[in-house]
Each structure stands twice: as structure tokens, then as C-alpha cells.
Undergrad: 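One structure follows; several queries about it will come next.
Numbers here simply count residues along the sequence, with the first being 1.
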Amino acid sequence: MNKRLSQLLLLFVAAFPLWIYAAEDAKLPEQLPENLSWQTNLSDPIFASPEAKRGGRFRSFITTFPLTLRLVGPDSNGSFASYMRANHLGLVGIHPNTLNPIPELATHWAFGDDGHSLYYRLDPDARWSDGKPVTADDYLFALQFMRSKFILAPWYNNHYNTVILDVVKYDDHTIGILGSVAKPRDEMLFEYSISPVPAHFHKLDENWVRDYNWKIAPNTGPYVIDTIRKGKYIEFRRKQDWWGNDKRYFQHRFNPDFLRVKLIRDINIAYQYFRKGELDSFPLLMPRLWHKKAQGRIFEQGYAGKIKFYNSVPRPISGLFLNEDVPLLSDRNVRYAIAHALNIDKVINTVLHGDYERLQTAHEGYGDYSNPDIRAREFDLGKANGLLNAAGWDTRGPDGIRQKDGQRLSIRVTYYSSGHNDRLVILAQEARKAGIELSLQLLDPSAAFKQILENKHQAAWMAWSGGGLSPRYWQFYHSDNAHKPQTNNVTNTDNPEIDAKIDAYRAATDKASRVKLARELEQLVFEQGSFIPTFKVPYTREAFWRWLKLPDFHGTRSTDSLFDPLGSTGGLFWIDSDEQQRVDEAKSRNKALDPVMIVNKRWATGDE
């Protein structure tokens with residue numbers, strides 16, 4: 001056995017017994033421990049405005065209509081799912097400024113002596129949208145539900161078998177949760193928290209995916225789906241008697257009476273809806289929208305405004321994901337060469353107006369966990385050419401594209417936003433200089449996600465949302481999720497050394513060890529070369545009609561969308577009907593109001 005392989009096996013064996021112990025021997029006590037130290041947090045600052053007003057209809061849009069209302073199973077990861085998931089609460093939330101835990105569905109929490117068990121007192125006021133109380137039985141059912149083969153959701157099946165090991169009911173409003181291994185306490189609340197599933201609503205059998213495709217499940221959040229017009233829009237209605245109305249961290253939030261999410265497939269057409277006042281806000285993160293599109297009378301005369309708000313959040317994992325199961329991309333030298341052939345800086349300095357910054361690694365913005373020593377592979381045609389020659393792609397066809405054994409070095413890049421056309425065109429033009437053809441395939445978002453999750457892509461131009469207190473590696477890079485559909489390992493990374501490090505990272509019980517392993521993992525992901533980081537943006541930019549109002553501080557440290565109507569940092573804005581009438585009157589009389597242009601750097605960080 002060679003030395004390298006023996007090192008890998010030793011690392012794997014070191015981590016493996018802990019998983020066996022946790023899975024088979026660790027048990028929650030049958031009786032609630034008497035020595036628990038119950039905690040809560042009702043002392044952190046409220047992060048919403050007491051000036052907020054209830055009422056009105058907030059109008060937003062999506063570019064693709066959902067294929068299902070299910071939150072798990074096939075086709076459940078479309079853009080509309082973010083609305084659905086944000087309307088389901090967890091046991092404990094994270095305060096968006098202090099990052100301390102705050103109550104949601106649980107009023108109190110406590111930690112077991114073993115370092116990987118937690119206990120929660122459920123809020124007896126919590127209700128499902130059909131009026132039934134949320135009880136411990138809904139958490140017991142959540143474990144059964146997420147482990148079920150009938151939901152056709154491998155990631156959830158794995159997570160609720162290997163990470164969430166047990167849920168115990170002590171009474172109707174007290175539960176215990178057993179996690180797989182000990183972790184730092186702040187991370188335990190995030191890693192080992194689960195959301196309830198309404199036991200009275202679901203019937204788990206082989207027909208579940210089909211039968212529940214368009215059923216509106218009860219939820220715990222402030223809104224419920226009120227109207228569905230397939231292919232047109234979905235509208236939510238606020239629960240006027242929502243159980244969370246007077247809870248400390250829910251006060252003055254989630255203010256519109258209705259949320260209408262309209263299907264508009266083209267973002268340029270969506271902007272025309274906004275310009276006519278038929279959408280209330282519009283995202284301007286893309287430079288061409290901020291610098292060129294969002295101009296004209298409605299801004300000059302103050303009817304609509306623009307805001308640039310800096311935040312401090314984990315950055316999305318944004319870039320080009322190379323499918324290693326594609327023979328062309330199975331060679332690491334080819335993957336490295338593609339990275340060196342992508343002129344990211346040229347894109348930033350031209351079509352992006354210098355507004356974006358280069359993302360250096362997959363996981364930035366996680367504090368100590370991020371690895372600051374890694375720098376993304378720079379554009380270097382010399383290195384690209386050398387790597388391709390070494391990989392046997394040393395001849396070029398009449399069109400300049402490299403060939404090997406009669407095959408052209410042509411990579412299909414799947415993407416789902418026409419707003420990225422100009423970026424990808426530049427990258428494709430520059431890559432041709434190295435003899436690489438990037439064949440651009442623009443698909444509807446639902447079709448793109450379906451292709452990617454079914455492993456039918458070659459390269460995917462996309463982003464995964466950042467979040468949490470520490471990076472997550474297992475879902476993206478562990479071989480458990482490789483070579484199979486409906487997982488997040490879209491690169492099909494299958495590397496024993498990465499597997500062993502991920503297992504050790506998941507098993508690590510103290511922050512220092514986890515930080516060390518996370519940085520080592522980031523280095524291994526970099527060396528694998530199947531993810532090529534592209535851009536990061538340390539702010540949000542949005543346009544809004546003047547009748548949308550924000551708190552004086554505009555947003556929180558964790559705000560990534562100021563006019564997000566839902567979610568742990570959302571729901572801070574409100575609709576001012578008096579101001580709406582004033583704007584309408586001013587428009588009809590062609591009377592100018594004071595222009596609104598806001599730049600808020602309160603949460604800007606010095607390293608970005």
C-alpha cells in the first residue's frame with residue numbers, strides 16, 4: 001500500500017468509529033433531564049420599525065412558474081420555493097445583527113451534557129395556517145417524513161438519518177433532538193434544528209409526490225397561499241390573526257395584506273412592468289440595470305428611488321461548475337486550463353462596470369472558517385495552453401478549437417438568465433484563444449435546474465445561496481452525492497481525500513478543529529478544480545416606488561434583499577397608501593418630488 005493511500009485510510013478510520021457510535025449507541029433519555037439550563041433571548045434589539053403600517057398589496061415577480069408546491073422531492077428547488085420556505089419557521093432563528101439565537105417556534109432551548117443533544121420548549125401559541133396547534137407530534141412526524149423513501153429526496157433522507165439521529169417527545173410542547181456529533185453550541189442550534197411537518201395533512205405512500213404536487217400545505221409563517229393562476233401568478237394573503245403578530249422579533253414585520261408573485265419570463269419586460277408602476281420594487285444588482293436601465297423620469301422626478309445597501313453575509317457560491325462525469329472534464333488539467341482561460345477580470349471591468357469583485361474561493365464571508373490564503377486561478381493563456389498540451393489536446397482544428405482523438409474541446413455551458421449573456425459571450429470569446437469552445441445554452445430556469453439536477457449538464461453557470469455560521473461541504477462535494485440525480489453535488493466530485501476530510505469536519509466537536517478542517521477542505525476543493533469561482537457582490541441594489549417605506553436604518557447586517565417580504569431578515573418594509581396617492585397625483589400633474597438615492601455603508605466590511 002502506498003503512503004498516500006494509507007494516510008487517507010487512517011483519516012477515514014479516525015472519523016468513522018464516531019459515526020458508528022453516534023448512530024447506534026447514543027440515545028436521548030426517556031425522561032427529560034432535570035438539570036437542564038433553559039435559555040431564551042428577549043433582550044436583543046428589535047430590528048423592525050414601530051412606524052410600519054399594515055395593508056396593501058406588494059407586487060413582485062418570478063421568471064419561471066413553479067413545477068410544484070412541494071418543498072421536497074423532484075422539481076422542488078425552483079425560484080418560487082424561496083417564498084415557500086421563508087414562510088415556514090424554525091425552532092430558533094438568528095438575530096440578523098447580533099447573530100445571537102432568538103425564539104421562533106420555540107420559546108426556550110437547552111443543551112445536553114453530551115454536546116450533541118438539544119431540548120426545546122415549543123411556543124403553545126404556535127398554529128398552522130389551518131388553525132391547528134403546532135405540537136411535538138409534528139416534529140416526530142417531520143423525522144418520519146424526511147426519512148421516507150416516498151418523498152424521493154436523497155439529501156433529506158441522508159440528513160435525517162446521519163445528522164439528525166432522533167427526535168423525542170416529552171410532552172405536547174417539549175422535545176429533544178439528537179445530533180450525530182458534538183459541535184459548538186451556536187452551530188448546534190443551526191445544524192440540528194428542524195422544522196415541523198403537519199402530521200394531520202400528509203399521507204405518506206408511493207403516490208405522495210404526485211398527490212401533493214399542487215396541494216397547499218399548512219405553514220407556520222405569516223402568509224398563506226390564497227390564489228393560484230397557473231402560468232400567471234400566485235398570491236399570498238396575510239393571516240390577520242397570525243399567532244406571531246405580537247412576538248418580540250415578529251412585531252412590525254410582514255406588513256402587506258397580500259403578496260402577488262407574477263410570472264414574467266424576461267427580466268427586461270419585468271423592468272417595463274416596474275417602470276409603469278405595476279411592480280413595487282425591482283432588483284438592480286446587475287450593473288447594466290443599475291447604470292443604464294434604471295434611469296429616466298420616474299427617478300429624476302422622485303416617483304421612484306434607488307438604494308445601494310452594503311451587507312455582511314456569507315457570499316453565494318457563484319461560478320462555473322464542471323461535471324466531472326463528462327469525459328472531457330474528467331481530466332484535472334483540462335479543468336485547470338478552463339479556469340485559466342476564463343478572463344473574469346475583463347468581464348468585471350467591462351460589462352460589470354467594475355462593480356463586482358472576484359470571488360476567490362467557494363466559501364467567503366464565514367469569518368474564521370474561510371481560507372484567506374487561496375486565490376482563484378487567474379486568466380493566463382500560457383498556463384492554459386501548457387495544461388492542455390500536457391493533457392493531449394495539442395492540436396487545433398481549422399476553427400482554432402483544440403482536438404484530441406477526433407473530438408473537439410467543446411463544453412456546453414448551461415445557464416438560466418439572459419442577463420448573463422454579455423458576461424458569457426466575453427468569456428467564450430477569450431476561451432477560444434486557448435482553443436476551448438464554450439457552447440452557451442440558455443434555458444428556462446426550471447429546465448436548467450432539471451437538467452443540472454439530473455446530471456445531464458456539462459458545465460453549469462449558477463450560484464448556490466450562502467448562509468449559516470459555517471460552510472457546508474457534504475452536500476456539494478462528498479461522493480455519497482456523486483453520480484446520482486437530485487443532489488447538490490453537481491460537479492460529481494468523488495475524491496476519497498475530500499470525503500475523509502468532510503467526515504472529520506462533520507465529526508469535529510470544537511470550533512478550532514472545525515476551522516482547521518474547513519480551511520483544509522477549501523484547499524482540497526480548490527485543487528479539485530471542478531468549481532471555478534467568479535464574482536461576489538458585498539451589497540444589494542434595488543429600485544422601489546416611493547410608497548414603499550423602510551426603517552431609518554434601511555436593513556440589517558444580514559439583509560440580502562431589502563424588499564424581501566418574508567424570511568428571517570425580511571418583511572421590514574411597508575406600503576404607505578397616503579404616499580402612493582401623493583405620487584399618483586404628482587405624476588398626473590407632472591410635478592417633481594425630491595429624488596431618492598440612498599447609499600448605506602453601515603455594515604460594509606473592510607476586506608471587500
Side-chain angles (χ1 to χ4, degrees), residues 45-61 83 86 96-97 221-223 235-238 240 242 244-246 248-261 273-285 290 294 297-311 539-588 591-603:
I46 293 174
F47 52 93
S49 173
E51 299 178 3
K53 300 176 182 179
R54 289 271 170 82
R57 174 178 277 104
F58 178 69
R59 300 159 301 171
S60 186
F61 75 100
Y83 287 88
N97 287 334
Y223 290 91
E235 184 163 281
F236 294 85
R237 170 179 47 82
R238 196 185 198 284
Q240 295 304 316
W242 182 48
N245 279 335
D246 297 323
R248 177 176 178 82
Y249 300 109
F250 295 144
Q251 290 179 20
H252 316 303
R253 296 174 63 196
F254 317 117
N255 298 298
D257 285 338
F258 295 94
L259 310 175
R260 176 167 292 193
V261 186
Y273 275 85
F274 171 77
R275 190 174 62 84
K276 292 187 292 185
E278 296 177 18
L279 295 175
D280 295 298
S281 67
F282 193 83
L284 296 177
L285 205 56
W290 178 262
R297 176 173 175 259
I298 63 171
F299 299 103
E300 293 165 0
Q301 298 197 268
Y303 308 144
K306 294 191 287 187
I307 182 169
K308 182 178 183 180
F309 182 86
Y310 286 78
N311 52 27
Y539 50 75
T540 179
R541 294 192 302 209
E542 299 169 54
F544 60 99
W545 281 91
R546 197 182 188 104
W547 53 75
L548 288 189
K549 300 297 182 181
L550 290 166
D552 291 340
F553 49 84
H554 303 122
T556 70
R557 170 182 182 175
S558 305
T559 294
D560 57 9
S561 175
L562 291 161
F563 299 103
D564 185 348
L566 292 162
S568 58
T569 65
L572 300 186
F573 70 91
W574 64 97
I575 298 170
D576 188 327
S577 58
D578 294 334
E579 185 77 342
Q580 189 165 10
Q581 184 176 353
R582 187 166 83 100
V583 171
D584 289 342
E585 291 176 353
K587 283 175 62 182
S588 66
K591 177 184 176 182
L593 304 174
D594 292 335
V596 180
M597 174 62 193
I598 302 168
V599 177
N600 187 321
K601 292 188 175 183
R602 178 187 179 192
W603 296 106

Undergrad: Compute the ring centroids of F573 and F58, then answer whether they are less than 6.0 Å apart.
TA: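 Yes; F58 has its ring centre under 6.0 Å from that of F573.
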Undergrad: Quick one: closest heavy-atom pair of G56 and I575, and the distance?
TA: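 Looking at all heavy atoms of both residues, the closest pair is C-CD1, 3.9 Å.
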Undergrad: Please indicate whether F553 has more than 12 foreign heavy atoms, meaning atoms of other residues, nucleotides or ligands, lying under 6.0 Å from its CZ.
TA: yes
Undergrad: Calculate, to the nearest 0.5 Å, the distance between atoms NZ and CZ belonging to K587 and R297 respectively.
TA: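 So the gap between those two atoms works out to 7.0 Å.
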Undergrad: Which residues satisfy the side-chain contact (heavy atoms from CB on, under 4.5 Å) test with E51, sequence neighbours excluded?
TA: S49, W574
Undergrad: Quick one: sort the W242 and F250 rings into parallel, tilted or perpendicular, breaks at 30° and 60°.
TA: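 W242 and F250: tilted rings.
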Undergrad: Taking R557's backbone N and O only, do any of them form a donor-acceptor pair with N97's side chain (distance below 3.5 Å, no angle check)?
TA: yes
Undergrad: Could you tell me which non-hydrogen atom of W603 sits nearest to which non-hydrogen atom of F309, and how far apart they are?
TA: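 It is CD1-CZ, 3.9 Å.
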Undergrad: Is there side-chain contact between L562 and T540, with heavy atoms separated by less than 4.5 Å?
TA: yes
Undergrad: Among pairs that include at least one residue of residues 276-285, which meet side-chain hydrogen bond (donor to acceptor under 3.5 Å, both in side chains), considering only residues two or more places apart or in two chains?
TA: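 Pairs touching residues 276-285 that pass the test: R59-D280, D280-W547.
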Undergrad: Mind checking the CG-NE2 spacing from L572 to H252? Nearest 0.5 Å is all I need.
TA: 11.5 Å
Undergrad: Of all the heavy-atom pairs spanning K591 and Q301, show the shortest one and how long it is.
TA: C-NE2, 4.1 Å
Undergrad: What closest approach, in Å, do P222 and L566 show between heavy atoms, and which atom pair accounts for it?
TA: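 Scanning both residues, the minimum pair turns out to be CG-CD2, 4.0 Å.
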Undergrad: Restricting to non-hydrogen atoms, name the atom on R253 and the atom on S568 that form the minimum distance, rounded to 0.1 Å.
TA: NH2-O, 3.2 Å
Undergrad: Do the ring planes of W545 and F274 sit parallel (below 30°), tilted (30 to 60°) or perpendicular (above 60°)?
TA: tilted
Undergrad: When rounded to the nearest 0.5 angstrom, what distance separates OH in Y249 from CD1 in I46?
TA: 7.5 Å
Undergrad: Nearest 0.5 Å, what's the NZ-OH distance between K308 and Y539?
TA: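 It comes to 4.5 Å.
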Undergrad: Give the intermediate values and the outcome of side chain to side chain contact (heavy atoms under 4.5 Å, CB included) for residues T569 and D564.
TA: CA-CA 8 Å; T569 65; D564 185 348; 5.5 Å; no
Undergrad: Atom CG of N600 and atom CG of D552: how far apart are they, to the nearest 0.5 Å?
TA: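 Here the rounded value is 11.0 Å.
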Undergrad: Would you indicate whether the side-chain heavy atoms of D594 and V596 approach each other to under 4.5 Å?
TA: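 No, side chains not in contact.
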Undergrad: Go through the structure and list residues passing salt bridge (charged side-chain N to carboxylate O under 4.0 Å, His left out) with K549, not counting sequence neighbours.
TA: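 Only E579 meet the salt bridge (charged side-chain N to carboxylate O under 4.0 Å, His left out) criterion with K549.
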Undergrad: Would you say R57's side chain and D257's backbone share a donor-acceptor pair under 3.5 angstrom?
TA: no
Undergrad: Donor-acceptor pair, N245 side chain versus Q240 backbone, under 3.5 Å?
TA: yes
Undergrad: Of R582, R546, R54, K53, which is the lone residue that meets salt bridge (charged side-chain N to carboxylate O under 4.0 Å, His left out) with D576?
TA: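 It is K53, the one option of R582, R546, R54, K53 that forms the salt bridge (charged side-chain N to carboxylate O under 4.0 Å, His left out) with D576.
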Undergrad: Find the distance between CG (L548) and CD1 (I307) and round it off to the nearest 0.5 Å.
TA: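 One gets 11.5 Å once the value is rounded to the nearest 0.5 Å.
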Undergrad: Please tell me whether F563 and F544 form a close aromatic pair, meaning their ring centres lie under 6.0 Å apart.
TA: yes
Undergrad: So, does E542 use its side chain to make a donor-acceptor pair with the main chain of L284 at under 3.5 Å?
TA: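 Pair absent, no side-chain N/O of E542 close to backbone of L284.
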Undergrad: Taking the six-membered ring where the residue is Trp, are the ring centres of F61 and F282 under 6.0 Å apart?
TA: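 Ring centroids of F61 and F282 are less than 6.0 Å from each other.
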Undergrad: Specify whether Y83 and F236 have parallel, tilted or perpendicular ring planes, treating 30° as the upper limit for parallel and 60° as the lower limit for perpendicular.
TA: parallel
Undergrad: Using only atom types and a distance under 3.5 Å, with no angle test, would you say the side chain of K306 pairs donor to acceptor with the backbone of A294?
TA: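 A pair under 3.5 Å: yes.
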Undergrad: Closest approach of A48 and Q251, non-hydrogen atoms and distance?
TA: CB-O, 3.5 Å
